[in-house]
Amino acid sequence: MSVAYDYERDFSQTPIVRDELLLIDGARVRSLSGKAFKSLNPATEQVIATIAEGNEADVDRAVAAARRAFEGPWRTMRAAERGHILLKWAELLKQHADEIAALESLDAGKPISAVLRQDFPAAIDTLTYYAGWADKISGDVVSTRDDALTYTVREPVGVVAAIVPWNFPLMIGMWKLAPALACGCTVVMKPAELTSLSALRIGELALEAGLPKGVLNIVTGPGRVVGDALVNHPDVDKVTFTGSPGVGRGIMKGAAGNFKRVSLELGGKSANVIFDDANLEAAAKAAAAGIFFNAGQVCSAGSRVLVQENAYDEVVERLVARAEALRIGDPADRATALGPVISEKQMRSILDYVEIGKNEGAQLATGGARVGDRGYFISPAVFANVAHVMRISQEEIFGPVVSVIKFKDEADALRIANGTAYSLAAGVWSADMGRVQRFARKARAGTVWINTYGYTDVRLPWGGERDSGLGREHGTAALDNFTEPKAVWMNLNV
């Protein structure tokens with residue numbers, strides 16, 4: 001294991017971010033309660049910011065501001081002008097790329113190289129893509145009868161509550177903000193309590209870009225307070241959420257109060273299936289990246305690697321070698337491949353799952369231990385001889401832990417791949433093009449990768465079913481999330 005972290009380093013020089021305030025109605029304001037919470041650097045466990053802790057009263061004023069902006073300047077603005085403001089926002093984000101990436105790395109423990117290579121470019125791509133859609137969202141003329149002109153228009157849903165997770169705060173935050181704003185909605189955004197810094201900074205830059213006050217509001221604080229208040233608020237029209245299935249179920253119940261529209265991107269236990277005729281070197285390399293990227297804290301992580309019997313031992317060996325070669329260390333070091341997990345609570349949960357796997361009889365081939373005594377670092381774990389029914393095969397661990405499961409043939413692989421409550425993504429590796437197409441058609445997954453793994457693009461729909469959620473983000477599907485169709489019928493015989 002290559003451990004690059006300097007545990008003797010003096011972290012007293014860790015950057016301290018100024019006190020962070022809520023963003024409501026175009027101004028940075030303190031919470032009405034005066035309370036605040038501390039944000040920790042997961043690599044050092046040191047405080048990096050003190051953040052205003054919002055409550056129900058703060059949500060009320062944020063929603064009221066969003067409603068005023070929706071009924072006023074934002075909804076009535078020319079769609080092309082909305083698009084221009086979003087493009088200007090994207091340019092400002094690019095100008096502050098190093099600052100925003102550093103905040104994201106510091107706050108979430110993400111390797112800076114990954115933020116600059118993936119998270120930040122994906123956020124910019126999303127914003128510019130939907131900025132281009134702003135003046136192209138239209139209805140249709142529908143021929144119904146000779147004595148009427150009948151057509152449809154698409155109108156913005158209204159006030160949107162965007163609840164963002166901690167694993168990709170910048171990127172997933174923009175997945176929600178960009179289409180909602182392009183469609184003419186206004187937003188109250190709740191970043192994860194653990195990772196609020198990048199959201200607050202990009203909110204400031206949105207105002208600088210010309211976003212009218214109240215169009216984007218950001219209320220930080222605990223989900224059980226701020227999130228619940230948004231979900232239950234009678235003047236919120238739509239909730240978009242990424243997170244756990246348990247919280248997703250609670251959101252659906254809360255949204256019933258005023259029949260809010262809801263879209264949910266929830267958990268995953270994705271199968272990455274490797275047949276024995278695949279390019280095993282390429283498959284193992286992608287499988288390692290598919291589970292160890294972002295320390296395994298990815299909804300679509302390939303946490304179950306299914307391998308055909310004849311190739312099983314070789315793939316396990318290759319995964320172990322790749323796990324042990326990963327450079328663990330300071331997220332600010334561009335050579336770091338694996339940073340810490342987000343919190344002590346998450347670290348303990350992952351380590352508990354490692355013990356569960358061992359107790360269930362799986363073979364821990366490598367890793368699965370805390371690295372060092374400061375920061376939430378875990379060595380990447382590879383479990384071999386995993387049975388499909390084991391908890392480590394069925395439950396989302398959300399950490400750098402992979403279960404390698406043996407299968408016999410195509411039917412067996414499909415049975416195991418579809419044998420969980422999740423349906424977000426899957427991968428399949430084979431030289432047989434008929435086989436991979438059959439698998440893609442029969443796999444219960446919103447995305448299927450063939451001879452690759454893990455790629456996303458804002459132009460393609462993203463989401464799942466069952467415990468993986470409800471609805472789709474990205475592409476034109478996101479436009480449906482934030483607009484309502486209206487039919488117009490004009491009598492031509494007046």
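The model shown is predicted, which means the values in this text are computed figures rather than measured ones.
Between the side chains of His233 and Asp60, at least one donor N or O sits under 3.5 Å from an acceptor N or O. Side-chain contact check for Gln346 and Tyr376: no donor-acceptor pair (N or O, by modelled atom type) lies under 3.5 Å. Under 3.5 Å, the side chains of Asp107 and Ser39 contain a donor-acceptor pair of N or O atoms. With 3.5 Å as the limit, one finds a donor-acceptor pair spanning the side chains of Lys238 and Ser263. Checking Thr240 against Lys176 by side-chain atom types alone, a donor-acceptor pair falls below 3.5 Å. A donor-acceptor contact closer than 3.5 angstrom is absent between the side chains of Thr220 and Ser196. Under 3.5 Å, the side chains of Ser198 and Glu104 contain a donor-acceptor pair of N or O atoms.
No side-chain heavy atom of Thr447 sits under 4.5 Å from any side-chain heavy atom of Ser300. A heavy-atom distance below 4.5 Å is not found between the side chains of Ser113 and Thr336. Looking at Met171 and Thr126, their side chains never come closer than 4.5 Å, going by heavy atoms from C-beta outward. A 4.5 Å side-chain heavy-atom check between Ile100 and Phe120 finds at least one atom pair inside the cut-off. With contacts defined as side-chain heavy-atom distances shorter than 4.5 Å, the pair Val188/Val236 does not qualify. Looking only at side-chain heavy atoms (C-beta outward), Val341 and Phe398 stay at 4.5 Å or farther from each other. When side chains are defined from C-beta on, Arg334 counts as touching Ile112, because their heavy atoms get closer than 4.5 Å. No side-chain heavy atom of His474 sits under 4.5 Å from any side-chain heavy atom of Asp457.
Atom CZ of Arg30 and atom CD1 of Ile24 lie 13.0 Å apart (nearest 0.5 Å). Interatomic distance, Ile251 CD1 to Asp228 CG, rounded to the nearest 0.5 Å: 8.5 Å. Distance check: Ile378 CD1 to Ile350 CD1 gives 4.0 Å after rounding to the nearest 0.5 Å. Here Met390 contributes atom CE and Ser403 contributes atom OG; the two are 8.5 Å apart, rounded to the nearest 0.5 Å. Interatomic distance, CG of Leu40 versus CG of Leu106, reported as 10.5 Å (0.5 Å rounding). Separating the CG atom in Asp119 from the CD1 atom in Ile124 is a distance of 12.0 Å, to the nearest 0.5 Å.
Listed for the Ser423 side chain is a donor-acceptor partner under 3.5 Å among the backbone atoms of Glu465. No donor-acceptor distance shorter than 3.5 angstrom exists from the side chain of Ser468 to the backbone of Leu266, with no hydrogens or angles considered. Between the Asp140 side chain and the Val142 main chain, no donor and acceptor come within less than 3.5 Å of each other. Under the 3.5 Å distance criterion, the side-chain polar atoms of Asn55 are left unmatched by any main-chain donor or acceptor of Val225. Using modelled atom types, no side-chain atom of Lys190 and backbone atom of Val219 make a donor-acceptor pair closer than 3.5 Å. Side-chain N or O atoms of Arg374 include none that pairs as donor or acceptor with a backbone N or O of Thr44 at under 3.5 Å. Side-chain atoms of Tyr453 do not come within 3.5 Å of backbone N or O of Asn272 as any donor-acceptor pair. No donor-acceptor pair under 3.5 Å is formed between the side chain of Asn41 and the backbone N or O of Ile48. Judged purely by atom type and a 3.5 angstrom limit, Asn167 uses its side chain to pair as donor or acceptor with the backbone of Gln297. A donor-acceptor pair is defined here as one N or O able to donate and one able to accept, closer than 3.5 Å; no such pair exists between the side chain of Trp74 and the backbone of Pro212.
Using a cut-off of 4.0 Å between Lys/Arg side-chain N and Asp/Glu carboxylate O, Asp467 and Arg249 are scored as salt-bridged. No salt bridge links Lys88 with Glu208; every basic N to acidic carboxylate O contact stays at or beyond 4.0 Å. The pair Arg68-Asp25 counts as a salt bridge, with a side-chain nitrogen and a carboxylate oxygen less than 4.0 angstrom apart. Under 4.0 Å is where a charged nitrogen must lie from a carboxylate oxygen, and between Arg154 and Asp480 at least one such pair does. Using a cutoff of 4.0 Å between basic side-chain nitrogens and carboxylate oxygens, Arg201 and Glu204 are scored as salt-bridged.
Heavy-atom contacts from other residues, nucleotides or ligands closer than 6.0 Å to CZ of Phe37 number more than 12. More than 12 heavy atoms of other residues, nucleotides or ligands sit less than 6.0 Å from atom NZ of Lys136. For Arg67, the CZ atom is densely surrounded, since the number of other residues' heavy atoms within 6.0 Å is greater than 12. Few gaps surround CZ on Arg459; more than 12 heavy atoms of other groups in view lie less than 6.0 Å from it. The local environment of CE in Met77 is crowded, with over 12 non-hydrogen atoms from other residues, nucleotides or ligands closer than 6.0 Å.
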**OP:** Start with the C-alpha distance between Leu424 and Glu396, add both sets of side-chain angles, then the distance that settles side-chain contact (heavy atoms from CB on, under 4.5 Å), and finish with yes or no.
**Re:** CA-CA 12 Å; Leu424 186 58; Glu396 186 176 37; over 6 Å; no

**OP:** Decide side-chain contact (heavy atoms from CB on, under 4.5 Å) for Val164 and Trp175; before the verdict, give the C-alpha distance in whole Å, the side-chain angles of both, and the deciding distance to 0.1 Å.
**Re:** CA-CA 10 Å; Val164 179; Trp175 287 2; over 6 Å; no

Subject >> side-chain contact (heavy atoms from CB on, under 4.5 Å) between Glu395 and Ile356, intermediate numbers included >> reply: CA-CA 11 Å; Glu395 299 175 15; Ile356 288 169; 5.8 Å; no

**OP:** Using the side-chain contact (heavy atoms from CB on, under 4.5 Å) rule, take Ile397 and Ile392 through it: C-alpha gap first, then chi angles, then the decisive distance, then the call.
**Re:** CA-CA 7 Å; Ile397 299 173; Ile392 58 170; 4.2 Å; yes

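Smallest separation of non-hydrogen atoms from Arg472 and Gly464: NH1-O, 3.0 Å. Heavy-atom minimum distance, Gly296 versus Ala301: O-CB, 4.1 Å. Of all non-hydrogen atoms in Ala123 and Met174, the two that sit nearest each other are O-CG, 3.3 Å. Residue Phe292 comes nearest to Leu338 through the heavy atom pair O-CD1, 3.3 Å, listed as atom of the first residue, atom of the second, then distance. Smallest separation of non-hydrogen atoms from Pro111 and Ser105: C-OG, 4.3 Å. Of all heavy-atom pairs spanning Ile163 and Val231, the tightest one is CD1-CG2, 4.1 Å.
Cation-pi contact between Lys110 and Phe168: present, with separation from the ring centre below 6.0 Å and deviation from the ring axis of at most 45°.
Applying the side-chain hydrogen bond (donor to acceptor under 3.5 Å, both in side chains) criterion to Asp352, with sequence neighbours excluded, gives no partner residue. Taking the side chain to side chain contact (heavy atoms under 4.5 Å, CB included) definition, one finds that Val389 meets it with Ala387, sequence neighbours left out. Legend: residues meeting side chain to side chain contact (heavy atoms under 4.5 Å, CB included) with Ala426, ordered by chain and number and at least two apart, are Phe439, Ala445.
Taking the six-membered ring where the residue is Trp, Trp133 and Tyr129 present perpendicular rings, their angle passing 60° and hence far from 30°.
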